[in-house]
Amino acid sequence: MISNAPGSGPVSPVCSAKACRADAVWVLAWNNPKLHTPERRKTWLACEEHREHLSSFLGVRGFLKDVVPLAEWEASRPAESGEDQDTP
């Protein structure tokens with residue numbers, strides 16, 4: 001499960017949008033091709049309200065790779081998959 005802070009244990013994931021504390025329901029997988037290898041995926045979490053805004057932000061920069069429901073993302077990833085969760 002994705003947690004809000006390293007070492008804090010599983011908690012209810014929240015949206016990565018600035019000042020938003022709503023429950024996350026989407027995972028936006030991305031990478032910056034100037035900094036990351038093609039297979040590396042960093043993640044932002046999004047609530048329904050901020051999914052489009054965060055997707056657009058990443059998309060116009062060519063960083064967005066995938067948008068999937070949080071439950072689907074968690075079900076398809078091993079617990080220690082190495083993805084990095086960032087805050088915008």
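The model shown is predicted, which means the values in this text are computed figures rather than measured ones.
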Distance in Å, S55 OG paired with H50 NE2, rounded so as to fall on 0.5 Å steps: 12.0 Å

Any side-chain heavy-atom pair of L45 and L70 under 4.5 Å: yes

Between CZ on residue R51 and OG on residue S16, distance to nearest 0.5 Å: 14.5 Å

Any P38 side-chain heavy atom under 4.5 Å of P33 side chain: no

More than 12 heavy atoms from other groups under 6.0 Å of NE2 on H53: no

W44 side chain near L58 side chain, heavy-atom distance below 4.5 Å: yes

From CD (E49) to SG (C20), nearest 0.5 Å: 6.5 Å

Point-to-point distance, once rounded to the nearest 0.5 Å, from CG of D23 to CD of E48: 11.5 Å

Any F63 side-chain heavy atom under 4.5 Å of F57 side chain: no

Distance in Å, N31 CG paired with K65 NZ, rounded so as to fall on 0.5 Å steps: 5.0 Å

Minimum heavy-atom distance between C47 and A22, given as atom pair plus value: CB-CB, 3.8 Å

Least distance between heavy atoms, L54 atom then A46 atom: CD1-CB, 3.9 Å

Close side-chain approach of W30 and H36, heavy atoms under 4.5 Å: yes

Gap separating the CG atom of L28 from the OG1 atom of T43, nearest 0.5 angstrom: 9.0 Å

